[in-house]
Amino acid sequence: MNIEEIAFKYALANAVKYGGKADVKAVMAKLMAEVPELRARAREVRQIVDAVVARVNSMPLEEQRRILRERWPELLEERRAEQRRPGLEGLPELPNVRGEVVVRFAPNPDFVLHLGSARPAILNYAYRIKYGGKFILRFEDTDPRTKRPLVTDEVNAYESIREDLRWLGVRWDEEYIQSQRMEIYYEHAKKLLEMGAAYVDLCKPEEWRRLRNEKKACPHREQPPEVNLELWDKMLEGRFKEGEAVLRIKTDLTHPDPSVRDWVAFRIIDTSKTPHPLTGDKYIVWPTYNFAVSIDDHLMGVTHVLRAQEHSVNTVKQSYVFRHFGWEQPVTIHFGRLRIEGATLSKSKLKAMRIKYDDLTLPTLAGLRNRGIVPEAIWDLILSVGIKPSDSTVALANLFALNRKHIEPIADRYMYVADPVKLVFEADRELTAHVPFHPSFKERGERTYRLGPGRVEVYIQRRDAVAGKVVRLMELANVEIVRVEGDAAYGRIHSYSLDEAKKIGAPIIQWVWDPVEITVIKPVGVGRKEVEVGLGEGWLERVEVGKYVQFFRYGYLKKRGPREFVFLHD
């Protein structure tokens with residue numbers, strides 16, 4: 001067995017999926033899955049994988065693709081399988097498609113991704129699948145003060161976003177980080193100043209606002225290019241403090257939206273006080289969102305931009321940069337806001353909760369993943385909403401229903417009783433119960449319980465223990481509850497067959513004979529969860545952590561620990 005060769009195979013496959021850069025953790029996971037016995041040598045294997053990934057990541061993307069195509073072409077089949085993803089056929093055609101389609105997902109790494117931010121990621125990537133072409137991941141992180149990138153000991157938003165996208169099945173062809181492209185933005189700012197399409201404004205903010213609202217020009221607007229270039233150099237040299245100078249793009253001073261009038265393209269941010277987590281205090285003059293986006297969309301060849309309706313005014317602002325340079329602006333499609341009933345998608349509100357970002361009660365992708373929502377359900381939800389311009393509101397129940405569709409076939413059935421009481425009765429014969437793991441997949445087998453003859457003790461839910469009521473113990477017998485005393489109920493055999501239970505309308509209930517204590521974590525709201533302790537059948541201890549199950553008459557769950565499960569939905 002050649003560990004390095006296997007690692008090389010998976011490093012190439014991972015790099016080709018994600019724009020030329022393989023992820024060590026992803027390669028390790030694939031390697032350990034193929035050769036489980038290597039887990040005992042994890043530290044040694046990690047050193048080999050680190051070296052292999054570094055070698056692969058130093059290769060050009062086309063070279064990676066060539067080697068993978070020649071040696072392991074089956075690993076390229078995943079791309080082809082994507083094209084058969086359900087729901088893509090419902091996407092409307094993109095307008096003005098001429099040649100290669102290039103789309104982008106451009107998150108601000110000031111927080112992790114949530115359900116709302118999954119929408120532009122999935123929609124853009126869906127069109128990448130539909131048309132081929134290219135999908136770009138671009139981190140827009142040029143505001144180190146008010147939208148400071150989130151990089152702490154607990155979470156690195158850049159890495160978390162990459163991890164979330166991989167989990168969603170979104171693969172990028174190229175990746176860029178705007179804070180690493182500052183010199184490019186400076187170069188284009190200088191060109192605009194030389195062209196007379198931009199100027200350095202030294203007005204005080206209140207004076208500027210007054211002039212703008214009166215649709216009048218700032219006194220600095222008509223400065224000759226050489227004056228603006230000199231002032232620009234002073235900005236870069238740190239000769240101005242925050243708020244003393246900005247660079248503005250010349251637009252229409254009579255535009256009906258005041259925010260469009262000569263908007264700010266660069267401002268000064270004192271990074272000695274608020275250093276950028278990647279560049280520290282190296283830069284003090286930072287491009288605004290609209291300027292950096294305009295330059296990058298052109299240089300990266302973006303042909304179509306799909307983003308939220310709230311960006312419609314930004315599309316107008318950016319159009320002036322494209323006009324000044326004589327560039328063609330990408331086709332822009334705006335879709336409405338997505339609201340989720342029962343969950344806030346506001347980054348500011350989620351941050352203010354000060355809950356770990358992957359808490360299973362949060363609508364972050366990491367939280368949904370920990371809870372047990374599968375990425376296919378999120379794709380289904382987003383594609384069902386589509387790209388309509390009006391706002392859309394969906395309930396979490398919609399997501400749960402889609403999730404249920406995907407996990408129902410893989411979730412084996414088990415018996416669990418919450419708030420248990422002991423049911424005691426006498427059996428005059430041996431009772432045998434054959435309980436299948438899944439009613440639709442008999443090949444998965446069953447477990448057999450034999451009880452009696454004589455005294456039988458099982459546990460049922462308190463709500464099912466009603467004196468005078470006949471219940472059908474699933475796959476076992478029909479028992480009449482005679483009396484209930486505290487935590488015990490006493491009954492007698494009524495009959496045996498399912499048909500007899502149906503004749504009298506006896507409900508079929510779950511029961512437990514060989515109980516183990518089970519803890520169920522139940523999310524009940526954003527930031528809120530309840531803990532329930534009940535009894536489950538002993539087979540639950542054999543279920544692997546991470547597996548999905550269904551408790552009869554209860555709901556779907558995911559195993560989180562030896563005897564701990566997270567409730568997903570009914």
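These figures come from a predicted structure and were not determined experimentally.
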Check: [Y] and [X] side chains under 4.5 Å, non-hydrogen atoms:
X      : Y      : value
Lys282 : Met182 : no
His220 : Val200 : no
Phe111 : Ser160 : no
Pro225 : Leu193 : no
Ile67  : Phe8   : yes
Pro107 : Leu113 : yes
Val526 : Leu362 : yes
Asp359 : Lys529 : yes

Check: [X]/[Y] side-chain N/O donor and acceptor closer than 3.5 Å:
X      : Y      : value
Thr142 : Arg181 : no
Asn290 : Thr288 : no
Glu140 : Asn108 : no
Gln178 : Tyr289 : no
Asp252 : Tyr320 : no

[atom1]-[atom2] distance between [X] and [Y], expressed to the nearest 0.5 angstrom:
X      : Y      : atom1 : atom2 : answer
Asn398 : Asn403 : CG    : CG    : 12.5 Å
Ser392 : Ile340 : OG    : CD1   : 9.5 Å
His304 : Tyr127 : NE2   : OH    : 9.5 Å
Asn370 : Thr361 : CG    : OG1   : 10.5 Å
Leu115 : Leu365 : CG    : CG    : 6.5 Å
Asn228 : Asp233 : CG    : CG    : 11.0 Å

Salt-bridge contact [X]-[Y] (side-chain N to carboxylate O under 4.0 Å):
X      : Y      : value
Arg145 : Glu242 : yes
Arg66  : Glu62  : no
Arg210 : Glu207 : yes
Lys317 : Asp257 : no
Arg104 : Asp297 : yes
Asp23  : Lys30  : no
Glu328 : Arg98  : yes
Lys190 : Glu187 : no
Asp380 : Lys405 : yes
Asp173 : Arg65  : yes

Which heavy atom in [X] sits nearest to a heavy atom in [Y], and how many Å separate them?
X      : Y      : value
Leu568 : Gly372 : CD2-CA, 3.6 Å
Thr332 : Thr315 : CG2-OG1, 3.6 Å
Pro120 : Asn124 : O-ND2, 2.7 Å
Lys130 : Pro92  : CE-O, 4.4 Å
Pro219 : Cys203 : CD-SG, 3.7 Å
Ile249 : Ala265 : CG1-CB, 3.7 Å

- Test side chain to side chain contact (heavy atoms under 4.5 Å, CB included) applied to Leu137 and Val170, step by step: CA-CA 10 Å; Leu137 171 62; Val170 171; over 6 Å; no

- With distance as the sole test, does Lys21 use its side chain to make a donor-acceptor pair with the main-chain N or O of Asn57 at under 3.5 Å?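 A pair under 3.5 Å: yes.
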
- Message: If you apply the rule salt bridge (charged side-chain N to carboxylate O under 4.0 Å, His left out), what do you find for Arg166 with Glu163, and how did you get there?
- Response: CA-CA 5 Å; Arg166 291 188 183 103; Glu163 182 181 354; over 6 Å; no

- Message: Cation-pi check for Trp208 against Arg248: NZ or CZ below 6.0 Å from the six-membered ring centre and within 45 degrees of the axis, yes or no?
- Response: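 Checked: cation-pi criterion met.
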
[X] atom [atom1], over 12 foreign heavy atoms within 6.0 Å:
X      : atom1 : answer
Arg337 : CZ    : no
Glu206 : CD    : yes
Glu154 : CD    : no

- Message: Test side chain to side chain contact (heavy atoms under 4.5 Å, CB included) on Arg221 and Lys250; report intermediate values, then the result.
- Response: CA-CA 8 Å; Arg221 195 176 199 265; Lys250 287 185 179 179; 3.8 Å; yes

- Name the orientation class of the two ring planes belonging to Phe135 and Tyr125 (parallel below 30°, tilted from 30 to 60°, perpendicular beyond 60°).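 The arrangement is perpendicular - the two ring planes meet at more than 60°.
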
- Message: One pair to check against side chain to side chain contact (heavy atoms under 4.5 Å, CB included): His334 and Arg307. What are the steps and the verdict?
- Response: CA-CA 5 Å; His334 295 110; Arg307 59 185 180 187; 4.0 Å; yes

- Message: Apply salt bridge (charged side-chain N to carboxylate O under 4.0 Å, His left out) to residues Arg212 and Asp262 and explain how you reach the verdict.
- Response: CA-CA 8 Å; Arg212 179 199 64 185; Asp262 285 15; over 6 Å; no

- is_close_aromatic(Phe105, Trp172), centroid dist under 6.0 Å: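 No: the rings miss the under 6.0 Å criterion.
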
- Query: Hey, would you say the Phe325 and His188 ring centroids sit under 6.0 Å apart?
  - Reply: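 Between Phe325 and His188, the centre distance is under 6.0 Å.
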
